[in-house]
Amino acid sequence: MKTIVCKTYEEMSTRAAEIVADVMKANPSCVLGLATGSTPVGMYKKLIDMNRAGEIDFSAVTTVNLDEYYPISPENDQSYRYFMNDNLFNHVNIDKTKTFVPDGTAADPHEACAAYEALVKRVGPADIQVLGIGQNGHIGFNEPDSALEVETHVTGLTESTIKANARFFASIEDVPTQALTMGIGTILSAKKIIILANGAAKAEAVKKMLAGKLDTSCPASMLNLHSDVTVICDEVAMD
Ligand code: PGA
């Protein structure tokens, strides 16, 4: 894996946005695989600025997001659909009908996952997939386990993830305990992957990811199977 170590979060966000922008410039009708969480927010701000400055054009872009809580409505301000609208889509010239997030409202979550997997195969593969990394090494909501899923699936959230995400909800009881997430194979189908990590809390997970082993207790280590992965992190996350 290639690594880019940055001094500041600002610099990380700029480097990540530049890589995404290069993909968009090379192919204006590209497919972007996108992620939520606090880490990519700075990158989205830079992309909005570049769009406003006329440097990048979202009009022909399709996006596929990694995951969504289940059950959750798109109007809930903690849903990942809401997050994407709020942090990117509402501020750029994208056609929202071409932006996809797993359906947190589906009556049958398993059917919704199969439909999402088929959709990613139909519109994809993503030209670039943006990832964050959980403190426990998760990517999307692929949590550490003895076996990891290949395709989009319904998953329970670990205690560690529920605690980490509780900061966004009124109380820990409000954090959904399930999610719909791309599987490891869905993620690896992207042509290019960037994974962003900042802060000391991510250092352990980053170390395990870079140890060069396929370790299901650190799902991000599966990225070692891909030939075009760039890790963009700050100095403390790479400690
Ligand atoms: P964070 O989440 O960006 O909010 O730290 C990353 C993740 O859990 O994948």
Side-chain angles (χ1 to χ4, degrees), residues 33-41 63-89 99-121 123-124 126 129-190 195-197 201-202 205 209 215-223:
L34 299 178
T36 53
S38 44
T39 313
V41 169
T63 67
V64 286
N65 259 78
L66 280 173
D67 50 12
E68 179 59 284
Y69 288 117
Y70 186 82
I72 202 157
S73 100
E75 286 79 39
N76 184 319
D77 65 5
Q78 290 310 320
S79 74
Y80 288 169
R81 162 53 74 183
Y82 190 99
F83 175 102
M84 288 311 303
N85 288 345
D86 200 33
N87 283 283
L88 182 65
F89 302 151
T99 66
F100 301 99
V101 179
D103 182 5
T105 66
D108 181 338
H110 298 281
E111 247 173 45
C113 287
Y116 198 74
E117 183 71 21
L119 174 116
V120 174
K121 287 199 166 82
V123 303
Q129 176 68 55
V130 178
L131 298 173
I133 182 169
Q135 292 174 30
N136 63 3
H138 74 195
I139 47 175
F141 274 125
N142 293 276
E143 301 281 33
D145 209 336
S146 54
L148 301 174
E149 298 278 342
V150 176
E151 299 197 327
T152 305
H153 59 283
V154 184
T155 184
L157 305 190
T158 59
E159 205 53 42
S160 139
T161 298
I162 292 171
K163 275 194 195 136
N165 291 6
R167 68 189 194 277
F168 300 115
F169 289 83
S171 79
I172 194 160
E173 287 75 36
D174 292 332
V175 185
T177 55
Q178 286 191 300
L180 315 180
T181 182
M182 284 186 188
I184 299 292
T186 333
I187 292 170
L188 289 175
S189 72
I195 179 160
L196 281 57
K202 302 291 173 69
M209 168 175 70
D215 179 351
T216 62
S217 76
C218 176
S221 70
M222 298 299 144
L223 299 177

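The analysis underlying the following values was restricted to heavy atoms, covering all of them including side chains, and did not include hydrogens, waters or symmetry mates.
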Worksheet item: So, for I172 and A166, which heavy atoms are closest and what is the spacing to 0.1 Å?
Response: CG1-CB, 3.9 Å

Discussion item. Donor-acceptor check, side chain of S221 to backbone of D215, threshold 3.5 angstrom: yes or no?
Written reply: yes

Worksheet entry | 4.5 Å side-chain heavy-atom contact, F169 and P176 | yes

Practice prompt. Before giving the answer on side-chain contact (heavy atoms from CB on, under 4.5 Å), spell out for L131 and Q129 the whole-Å C-alpha distance, their side-chain angles and the decisive distance to 0.1 Å.
Written response: CA-CA 6 Å; L131 298 173; Q129 176 68 55; 3.8 Å; yes

Practice prompt. Verify, without hydrogens or angle tests, whether N85 (side chain) and Y82 (backbone) share a donor-acceptor contact under 3.5 angstrom.
Written response: no

Practice prompt. Could you tell me whether a side-chain N or O of K202 sits under 3.5 Å from a main-chain N or O of G134, the two making a donor and an acceptor?
Written response: no

Discussion item. Would you compute the distance between atom CD of Q135 and atom OG of S160 and round it to the nearest 0.5 angstrom?
Written reply: 6.0 Å

Practice prompt. Start with the C-alpha distance between F89 and L34, add both sets of side-chain angles, then the distance that settles side-chain contact (heavy atoms from CB on, under 4.5 Å), and finish with yes or no.
Written response: CA-CA 11 Å; F89 302 151; L34 299 178; 4.0 Å; yes

Discussion item. Are Y69 and F83, when compared by the centres of their aromatic rings, separated by less than 6.0 Å?
Written reply: no

Worksheet item: Among T99, D103, N65, D86, which one satisfies side-chain hydrogen bond (donor to acceptor under 3.5 Å, both in side chains) with R81?
Response: T99

Worksheet item: Run the side-chain contact (heavy atoms from CB on, under 4.5 Å) check on M222 and L148 step by step: do they pass?
Response: CA-CA 10 Å; M222 298 299 144; L148 301 174; 3.7 Å; yes

Item to complete: Look at the side chain of Y116 and the backbone N and O of F100, then say whether any donor-acceptor pair between them is shorter than 3.5 Å.
Response: yes

Worksheet item: Under a 4.5 Å cut-off applied to non-hydrogen side-chain atoms, are H153 and L180 in contact?
Response: no

Worksheet, complete the sentence: Rounding to 0.5 Å, atoms CG (N87) and OH (Y80) come to a distance of 12.0 Å

Worksheet item: Stepwise, does the side chain to side chain donor-acceptor pair (under 3.5 Å) test hold for T186 with S189?
Response: CA-CA 5 Å; T186 333; S189 72; over 6 Å; no

Response to the item:
Closest non-hydrogen atoms of A205 and C218, given as atom of the first, atom of the second and distance, are O-SG, 3.8 Å

Worksheet, complete the sentence: Distance col, row L157:CG vs Q178:CD, nearest 0.5 angstrom, shows 8.0 Å

Worksheet item: Can any side-chain N or O of E117 pair as donor or acceptor with the backbone N or O of T152 at less than 3.5 Å?
Response: yes

Discussion item. Using every non-hydrogen atom in the two residues, find where S79 and P74 come nearest and quote the distance to one decimal.
Written reply: OG-O, 3.3 Å

Fill in: Flag, side chain of D108 to backbone of E111, donor-acceptor distance under 3.5 Å
yes

Item to complete: Could you check T36 against L66 for side-chain contact (heavy atoms from CB on, under 4.5 Å), going step by step and ending with a plain yes or no?
Response: CA-CA 8 Å; T36 53; L66 280 173; over 6 Å; no

Practice prompt. State, to 0.1 Å, how close I139 and I195 come at their nearest heavy-atom pair, and which atoms those are.
Written response: CG2-CD1, 3.9 Å

Worksheet item: About how many Å separate OG1 of T161 and NZ of K163, when rounded to the nearest 0.5 Å?
Response: 11.0 Å

Worksheet item: Do the side-chain N and O atoms of N136 and E143 include a donor-acceptor pair separated by under 3.5 angstrom?
Response: yes

Worksheet item: Does Y70 use its side chain to pair, donor to acceptor, with the backbone of T155 at less than 3.5 Å?
Response: no

Fill in: Closest non-hydrogen atom pair between A106 and A112, with its separation
CB-CB, 3.5 Å

Worksheet item: A35 and P40: which non-hydrogen atoms are nearest, and at how many Å?
Response: O-CG, 3.6 Å

Worksheet item: Less than 4.5 Å apart, any side-chain heavy atom of P144 and any of T216?
Response: no

Discussion item. Once rounded to the nearest 0.5 Å, what's the spacing between atom CZ of F168 and atom CD of Q78?
Written reply: 7.0 Å

Discussion item. When you measure from the side chain of E151 to the backbone of G183, do you find a donor-acceptor pair of N or O atoms at a distance under 3.5 Å?
Written reply: no

Practice prompt. Please answer whether the main-chain N or O of M182 pairs with a side-chain N or O of N142 as donor and acceptor at a distance below 3.5 Å.
Written response: yes

